[in-house]
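I have placed the structure first, in the form of structure tokens, so that the comments after it can refer back to it.
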Amino acid sequence: MVKWVYTFGDGKAEGSARDVALLGGKGANLAEMASLGLPVPPGLTVTTEACNWFYNNGRVLPPGLQEEVLKGIAGMEAITGRRFGDAGRPLLLSVRSGARASMPGMMDTVLNLGLNDDSVQALGHDAGDARFAWDSYRRFIQMYSNVVLGLDHELFEEILEDEKNRLGHEFDTDLTAVEWQHVVSLYKEMLEEELGEPFPQEPHEQLWGAVSGVFSSWMNARAVTYRMLHNIPEAWGTAVNIQAMVFGNLGTSSATGVAFTRNPSTGEKTLYGEFLVNAQGEDVVAGIRTPQSITEEGRIASGSERPSMEKLMPQTFAAFREICDRLEAHYRDVQDVEFTIERGKLWMLQTRSAKRTTRAAMKVAVDMVAEGLITREEAIARIEPSSLDQLLHPTIDPKAGRDVIGSGLPASPGAATGEIVFTAEEAVAAEAEGRKVILVRIETSPEDIHGMHVAEGILTTRGGMTSHAAVVARGMGIPCVVGAGTMRVDLRNGRLIGMGMTLEKGDVITIDGSSGQVLAGRVAMLQPELSGDFGRLMEWADGLRRMDIRTNADTPSDARAARSFGAEGIGLCRTEHMFFDGGRIHVMREMILAEDEKGRRAALDRLLPMQRQDFTELFAIMHGLPVTIRLLDPPLHEFLPKTGKETREVAAAMGMDEAVLGQRLDALHEFNPMLGLRGCRLAIAYPEIAEMQARAIFQAAVEAARETGAAVVPEIMVPLVGLRSEIDYVKGVIDRVAQEVTGEAGLRIDYLVGTMIELPRAALQAHAIAEAAEFFSFGTNDLTQTTFGISRDDAARFMTIYQRKGIVDHDPFVSLDFDGVGELMEIAATRGRRTRPKMKIGICGEHGGDPVSIRFCENIGLDYVSCSPFRVPIARLAAAQATIAAKAVRLGDA
Ligand code: PEP
Ligand code: MG
């Protein structure tokens, strides 16, 4: 028979902290605290399995549940010496939700259950306080009616407000026992009128109603939205915790409060919390009264005159502090606790791992290693890698107000404030005048690069996580929000239309690339801090991880930033990005638009010294570390003019007839450029381009080696290879140029020629391709695109719909699709190494900076991951976690 109920209390419990899935977080930890002998009001937990049964069977309670609950209540009666449903010494109950993951305030609670017209008298008598009893009864009626009977809170608030007006009272606390009693009768009258039935007086009926009500709250709109936002599966269900009531509102020796065993925002090792004398838990949350500090230290720090719990209730405080210490040592983590003091007696109502800022998480982890509480591995495992974003960029001060005018995808982390500009040219002009700008576009194209470079932040109203704006901004470490579909750019009138607000060029906005929010005006920020605890943890991570961490860098400033974040080489230099800069794009266009090879070579001759200088600088910055340079990859149309105005400008600049240029553009037109003349196909169609790039690379290697004394071993990468013969051909070109440059320089150059694996055919034919390719790098952006047959630039339009409808559980362009793309990677790695056992294999798609994907890369034995500079620390930590996890699995298997 299924067991639906787990009891706890009086030093014993049927469950434990390990049973979080079955008992929910609250229930599991109440059981654990009870077993530790801590003062927990006796109670029971109805399991999440009962919740699932409830939903699978038309919302009725499972058979056998009531008997088990009643048995559990009998145990509570024995411990408390009270009886449920008794009019003399009634046992009153709290009925609370508690899911596996914390969902604060999303589900319902009923307190004071068991009260009725008779037991309210007994409670008053018992407490020696009739006012307290009637106040408790009216709270119960209101909560129960809302949770179980579906009546709006407002119906009750209205009655209370009217009464207060009639009586001339300002606060609830002004009402007397008799007045509360009258309010109760008004509540009951209203309720009977609304529902056609009186308020249920029978405590058992109340109880089953409340259990069903709490289960039902799992599917209320708030909870459903919260689960969606936090990826909490619906199938988890909630548990229900039924406990003997304890009262924090029984006079001045009673209180209720919340505390953290360490400061959750700084991580400092000081007890931190607040309490209210003569109050119930909901009063602390409601914020009607200002809570007092628990410790003297906290009181002094907050400049409050009102006494601390330490001062007011020294004995209870000492007991509480001891319990907090015990809990922290037991769980070996910072705890967030709730407690109530009933007439001097302390009761613990909840404990859980405390949520904390990244900064606090770092400090706590490092401190706990020093205190001998946890190991370095545990410290590393406890930091959520993507939360490091918070430390690497300026972030919005959590205390600052947020005036949200739109939102999109959080494409590149950090926050930025600036004046709105709508074109790259405006951005450059404003920057030249020393003004800070946010570049706002419908979407960006490579031609916007110069504007993107000088902007503080980038906002687009279209596009997804691998759109041009997103990839480039991440690469540059510039905060970026893309696909802000709730906003509209009205280019003609130079306006940005947001929610409830229209802004113009020059108006100041703030974007939060970590949350995707767009805010009006300037907002207070916190600056990054990379030494101290952060540095220490990174050092530990580096000592543990197996994979190397490289970076995707196209410019010297990217490369420098990446080095400062700890990159161990460049895994991808997208050379095309080097051609968008000011003077170069014209030469590039001349090259593309040339009628023949002679014309192309003339333009390439002018590009050669520029490329050579780029590479020399990169090699010098990386000082002997590996540098992977990819030959030109993108469809050429990315470099070409798009509008009539641009075409006229280009024609004028090149001294070309506009009509001739138009014809040339038509000839270059492709229906599907992403699958067209790009990647190695360019090098095969126009080998002179690859020749120029190879020459620039080898000459730069010679120069950099001479300058720095650190030999460079360039890794030349051929993009979009699908056929063995493609890599053979391009490698032939590169090898020939290498021979020539070696001859000219009289110096030996070591180099590698490898390929991206970004087409399914390449993955399947990896054994053949590896005969020519000396290394592989997974281009998982294209590999995802080509495996799914989903355009990476258009995916955002429907990927959110797919996620909402449960067709996919995550965007495969953000986190690897293990089953499809992942399997191709595994096949490619295995087959490639069958041909070339020691071959270096890495990843340079956007997934290289995604912690979950990094774990997969560890598992299939990649040598390195490469990601944008600002993700390097995240990757260092995630790679260490992956090594730790893989080791744990191996040990478990043994
Ligand atoms: C990729 O396809 O994963 C890749 C790194 O190349 P790009 O994004 O430049 O196409
Ligand atoms: Mg690619």
Side-chain angles (χ1 to χ4, degrees), residues 411-412 444-446 449 463-476 550-555 558 570-580 628-639 672-683 693 715-722 726-727 754-763 775-795 811-817 820-822 824-825 828 841-850 853-854 856-857 862 864-869 871 875:
S412 177
T444 62
S445 77
I449 285 280
M465 293 295 272
T466 56
S467 64
H468 179 265
V471 172
V472 172
R474 270 200 295 279
M476 293 176 174
R550 296 198 193 178
T551 190
N552 294 357
D554 317 322
T555 63
D558 287 352
I570 291 179
L572 172 64
C573 169
R574 291 177 164 106
T575 47
E576 52 271 21
H577 290 170
M578 298 170 153
F579 294 117
F580 286 110
T628 308
I629 294 173
R630 182 176 74 185
L631 300 184
L632 200 66
D633 178 25
L636 294 181
H637 82 287
E638 286 195 6
F639 295 96
N672 202 340
M674 261 294 183
L675 299 175
L677 182 57
R678 58 167 290 212
C680 66
R681 298 158 202 167
L682 282 170
Q693 291 201 293
E715 300 179 0
I716 302 177
M717 184 150 75
V718 185
L720 219 74
V721 165
E726 287 174 325
I727 177 90
T755 181
M756 308 268 294
I757 300 288
E758 48 187 348
L759 295 174
R761 193 180 194 286
F775 65 87
F776 282 171
S777 178
F778 287 105
T780 43
N781 302 334
D782 274 311
L783 191 57
T784 301
Q785 167 167 262
T786 50
T787 300
F788 277 86
I790 292 179
S791 153
R792 54 197 269 194
D793 295 320
D794 300 313
D811 182 345
F813 288 99
V814 174
S815 213
L816 272 177
D817 154 51
V821 177
L824 282 170
M825 290 171 70
I841 307 184
I843 179 176
C844 63
E846 289 302 300
H847 306 87
D850 168 59
S853 309
I854 290 173
F856 180 84
C857 295
L862 297 197
Y864 68 86
V865 301
S866 186
C867 56
S868 52
R871 285 207 186 166

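First listed ligand is number 1; within each ligand, the first listed atom is number 1. Everything numeric here is computed off the predicted structure, so don't read it as measured data. In what follows, residues are counted from 1 in the order of the sequence shown.
- Panel note: side chain Thr628, backbone Ile570; a donor-acceptor pair is recorded below 3.5 Å.
- The OE1 atom of Glu758 and the OD2 atom of Asp782 subtend an angle of 90° at the Mg ion (ligand 2), given to the nearest 10 degrees.
- Listed by number with element, the atoms of ligand 1 under 4.0 Å from a non-hydrogen atom of Glu758 are 1 (C), 2 (O), 6 (O).
- Taking only nitrogen or oxygen atoms, main chain and side chain alike, Asn781 reaches within less than 3.5 Å of ligand 1.
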- Message: Under the criterion side chain to side chain contact (heavy atoms under 4.5 Å, CB included), I'd like the reasoning laid out for Thr551 against Asp558: C-alpha separation, chi angles, the key distance, then a yes or no.
- Response: CA-CA 9 Å; Thr551 190; Asp558 287 352; over 6 Å; no
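- For the residue pair Arg681 and Leu759, the shortest heavy atom distance occurs at NH2-CD1, 4.1 Å.
- Among all heavy-atom pairs drawn from Ser791 and Asp794, the shortest one is OG-OD2, 2.9 Å.
- Heavy atoms of His847 come nearer than 4.0 angstrom to ligand 1 in no pair at all.
- Residue contacts with ligand 1 for Leu572 involve side-chain atoms from C-beta outward but no N, CA, C or O (heavy atoms, distance under 4.0 Å).
- When each atom of ligand 1 is checked for a heavy atom of Asp633 under 4.0 Å away, the hits are 10 (O).
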- Would you check, one step at a time, whether the test side chain to side chain contact (heavy atoms under 4.5 Å, CB included) holds for Thr780 with Ile843? CA-CA 7 Å; Thr780 43; Ile843 179 176; 3.7 Å; yes
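- Salt-bridge formation is detected for the pair Asp782/Arg792: a Lys NZ or Arg NE/NH1/NH2 atom is positioned less than 4.0 Å from an Asp or Glu carboxylate oxygen.
- If you look at Asn552 next to ligand 1, there are no close heavy atoms at all, none under 4.0 Å.
- Listed by number with element, the atoms of ligand 1 under 4.0 Å from a non-hydrogen atom of Arg792 are 2 (O), 7 (P), 8 (O), 10 (O).
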- Query: Checking side chain to side chain contact (heavy atoms under 4.5 Å, CB included) for the pair Leu862/Phe856: CA distance, chi angles, key distance, verdict?
  - Reply: CA-CA 9 Å; Leu862 297 197; Phe856 180 84; over 6 Å; no
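- Considering backbone and side-chain atoms together, Glu846 places no N or O closer than 3.5 Å to any N or O of ligand 1.
- The shortest distance between side-chain heavy atoms of Gln785 and Glu758 does not fall below 4.5 Å.
- Every atom of ligand 1 with a heavy atom of Cys844 under 4.0 Å away is listed here by number and element: 5 (C).
- Less than 4.0 angstrom separates some heavy atom of Arg574 from each of these atoms of ligand 1: 4 (C), 5 (C), 6 (O), 7 (P), 8 (O), 9 (O).
- Heavy atoms of Gln785 found under 4.0 angstrom from ligand 1: none, in either backbone or side chain.
- Near Met756, meaning under 4.0 Å from one of its heavy atoms, ligand 1 places the atoms 4 (C), 5 (C), 6 (O).
- Asn552 places a side-chain N or O within donor-acceptor distance of the main-chain N or O of Cys844, the cut-off being under 3.5 Å.
- No part of His577 comes within 4.0 Å of ligand 1, judged by heavy-atom distances.
- Inclusion of Asp633 in the first shell of the Mg ion (ligand 2) is not supported: no N, O or S atom falls under 2.8 Å.
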- Can Asp793 and Met674 be said to form a side chain to side chain contact (heavy atoms under 4.5 Å, CB included), step by step? CA-CA 10 Å; Asp793 295 320; Met674 261 294 183; 3.7 Å; yes
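- The part of Arg630 lying near ligand 1 is the side chain, judged by heavy-atom distances below 4.0 Å.
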